[in-house]
Amino acid sequence: MWRAEGGGPIPDMKALPGRMSVRLRLTLLYGLLFFMAGALLLFVMSVLMANILGNVKVIGFGISDAEAAELQRQFVEQTMKQLVGRSLLALGGVGVITLVLGWFVADRALSPLQRVTTTARRLSESTLHERIALEGPDDEIKELADTFDAMLERLGQAFDSQRRFVANASHELRTPLAINRTLLEVALGDPEVSDDLRAVGRTLLATNARHERLIEGLLLLARSERELTARTPVDLAEVATTVLEHSARRDHDYEVAVQPELTPGTALGDPVLLEHLVSNLVENAIKHNREDGGELWIRTGMLEGYATVQVENTGPAVPAYEVERLFEPFRRLNADRVESSKGAGLGLSIVRSVVLAHRGAVYAVPRPGGGLIVTVRIPPG
C-alpha cells in the first residue's frame, strides 16, 4: 500500500536523490541529456525522412493510380518502421556506452574535489601547515581549493597564536613559582621556625609544587601540539624501560606492582615526546590505582604494523561514557577537588596531543574489575 506517512515507499522515493553520490547524479544527468538530444534528433530525422519518402513516386506498367498510391503508402510505412526501430536500438546501445563514459568523465571532473576531501580528512591541529595547492584552470573548483587553503592559513595562525600564548604565559609563571619555592625551602630550613609556621610552609610548598607541575604540563601540551620537524626511529621498549627506571626512583603515595611485557616496537617520531607519552601513561596508572596492592601492566611491541604501547592498571571503576572525557584537559574521573591533588588533569590530554602529533591513534577502555586499559599506536619507523 502506497503511503505518504512514516516509512512508506513515497518518502523513500523522495529521499532517493539525496542518497545518490554526485558522481552518480552527474552520470545520470549526462545520460538523460544524451537520450533527450538523441530522441529529438530521431524525431527530426523521422519527419525529414517521411517527407522525402512521401515525394517518391511509384511507376509501373499496368498499375492504376490507386494501386500506385497504396504501394507508396506501404513502402513509406515499412521503411519508417524499420528506420525508427533500428534507430531506437542504436540510440539505446550508444546510450549505455554514454552512461559508462559519463561515469568516468564525472570521476575525472570530481577528482579535484576528492583531493580536497582527502586533505580535509587528513588534517588535524598538528598538520594545518599542509595545503591543497591545486593546479589547473582558474575555475570554480580551483577557487574552492584556494578558499580552503586560505581558511587553513587562518586556522594555522590562530592555533600558533594560542600555543605561543600558552607557552609564554607558562614561562612567565615559572619564575615566580621558582622564587616562591626557594623562599619556602629557605624558611623551612631555619631551625627556629615554629611548628605552626612549618606546617603552613609545607602546605604552601606542596601547593607550589602542584602549580609547577601544572605549568610544566601546559608547556609540554603546547609543545606536543606542534608539527614535528624531525622524526627518528625510537624503540618503545627502550623508552618504557627508561621510564620504569625513573619511576622506580621516585616516591609514590603507595606501592604498585609493575609487570612489564616489553618487546621491540620501533616508531618514527620525537624521542623526548614519546618518553613523556609513556611516562604520563605510567604515572597516571600509578596515581589512579588501588591503595592496597595495586597492579600495573605495561606492554610494547608491533601490532598490525604499528608500534604499540599499552598500559593497564587496577583501580576504581571507570564508566564507559566517561572514558573519552578523560582525554580532555583538566578532566578527572571525579570532579571533587580532593582528587585534584593527584594531578593537574593534563596527563591523558598530553598523551593524546603527542599521539596526534605523531599521526597515531590512542584508545582507552574500562578494565573489568576496575581501572583502565590505554593503547597507543604510532606509525612504524
Side-chain angles (χ1 to χ4, degrees), residues 170 174 177-178 181 185 205-206 208-224 228 230-291 293-301 307-315 326-327 329 332 340-355 357-358 360 362 364 371-378 381:
S170 301
R174 291 175 71 182
L177 288 176
R181 173 165 48 82
E185 290 175 347
L205 193 60
N208 196 86
R210 179 180 177 276
H211 290 163
E212 286 183 325
R213 290 195 300 270
L214 173 61
I215 298 303
E216 292 295 334
L218 288 173
L219 281 171
L220 180 58
L221 185 61
R223 177 187 174 189
S224 62
L228 300 181
R231 299 173 185 264
T232 58
V234 182
D235 189 354
L236 294 181
E238 296 180 0
V239 173
T241 301
T242 303
V243 169
L244 292 178
E245 291 176 353
H246 292 170
S247 179
R249 300 192 194 104
R250 287 195 290 265
D251 294 330
H252 300 287
D253 294 337
Y254 33 83
E255 294 296 328
V256 174
V258 179
Q259 302 182 22
E261 302 174 11
L262 307 179
T263 56
T266 303
L268 192 63
D270 187 317
V272 177
L273 288 180
L274 290 176
E275 183 175 341
H276 280 293
L277 181 149
V278 178
S279 177
N280 280 11
L281 287 176
V282 171
E283 292 300 317
N284 187 75
I286 293 176
K287 291 177 182 177
H288 303 280
N289 213 310
R290 291 205 308 257
E291 299 183 7
E295 293 182 277
L296 184 153
W297 295 265
I298 178 169
R299 308 176 183 95
T300 61
T308 305
V309 56
Q310 184 182 79
V311 176
E312 176 182 354
N313 70 307
T314 56
L326 296 178
F327 287 92
R332 306 176 183 88
S340 66
S341 61
K342 293 184 178 181
L346 291 174
L348 291 182
S349 60
I350 292 175
V351 168
R352 183 175 64 177
S353 296
V354 173
V355 169
H358 287 78
V362 56
L372 201 64
I373 303 175
V374 182
T375 305
V376 172
R377 301 172 66 183
I378 305 293

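Keep in mind that the numbers below use all heavy atoms, side chains included, and drop hydrogens, waters and symmetry copies.
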Practice prompt. Taking all heavy atoms of Phe327 and all of Val362, pick out the closest pair and write down the distance.
Written response: CE2-CG2, 3.7 Å
Worksheet item: If you round to the nearest 0.5 Å, how far is OG of Ser279 from CG of Leu244?
Response: 9.5 Å
Item to complete: List in chain and number order the residues that pass side-chain contact (heavy atoms from CB on, under 4.5 Å) with Ala285, two or more places apart in sequence or in another chain; answer none if no residue qualifies.
Response: Leu296, Val311, Asn313
Response to the item:
Minimal heavy-atom distance between Leu268 and Pro233, with the atoms involved, is CD1-N, 3.8 Å
Discussion item. On a heavy-atom basis, which atom in Asn289 and which in Gly294 lie closest, and how many Å separate them?
Written reply: OD1-CA, 3.4 Å
Discussion item. Can you list everything that forms a side-chain contact (heavy atoms from CB on, under 4.5 Å) with Arg181? Sequence neighbours excluded, please.
Written reply: Ala178, Glu185, Leu205, Asn208, Glu212
Fill in: Non-hydrogen side-chain atoms of Glu312 and Arg299 separated by less than 4.5 Å
yes
Worksheet item: With Glu283, which residues qualify under salt bridge (charged side-chain N to carboxylate O under 4.0 Å, His left out), at least two apart?
Response: Arg250
Fill in: Residues that Glu238 engages under salt bridge (charged side-chain N to carboxylate O under 4.0 Å, His left out), provided they are two or more places apart
none
Fill in: Where Thr308 and Arg377 come nearest, the two heavy atoms and their spacing
OG1-CG, 3.9 Å
Worksheet, complete the sentence: Smallest heavy-atom separation, Pro271 atom then Val234 atom, equals CG-CG2, 3.7 Å
Worksheet, complete the sentence: Closest non-hydrogen contact found for Ala240 with Ile298 is CB-CD1, 3.8 Å
Worksheet entry | Contact check, side chains of Thr242 and Glu275, non-hydrogen atoms, under 4.5 Å | yes
Worksheet item: Roughly how far, to the nearest 0.5 Å, is OG1 of Thr241 from CG of Leu262?
Response: 5.0 Å
Item to complete: Check whether any side-chain heavy atom of Leu277 sits under 4.5 Å from a side-chain heavy atom of His358, and report yes or no.
Response: no
Discussion item. Would you compute the distance between atom CG of Leu326 and atom CZ of Arg352 and round it to the nearest 0.5 angstrom?
Written reply: 10.5 Å
Discussion item. Once side-chain contact (heavy atoms from CB on, under 4.5 Å) is applied, do any residues pair with Pro264, and if so which ones, sequence neighbours excluded?
Written reply: Asp235
Discussion item. Are Leu281 and Leu348 packed together at the side-chain level, in the sense that at least one heavy-atom pair is separated by less than 4.5 angstrom?
Written reply: yes
Worksheet entry | Side chain proximity check, Leu372 to His288, heavy atoms < 4.5 angstrom | no
Worksheet entry | Residues forming a side-chain contact (heavy atoms from CB on, under 4.5 Å) with Thr263, sequence neighbours excluded | none
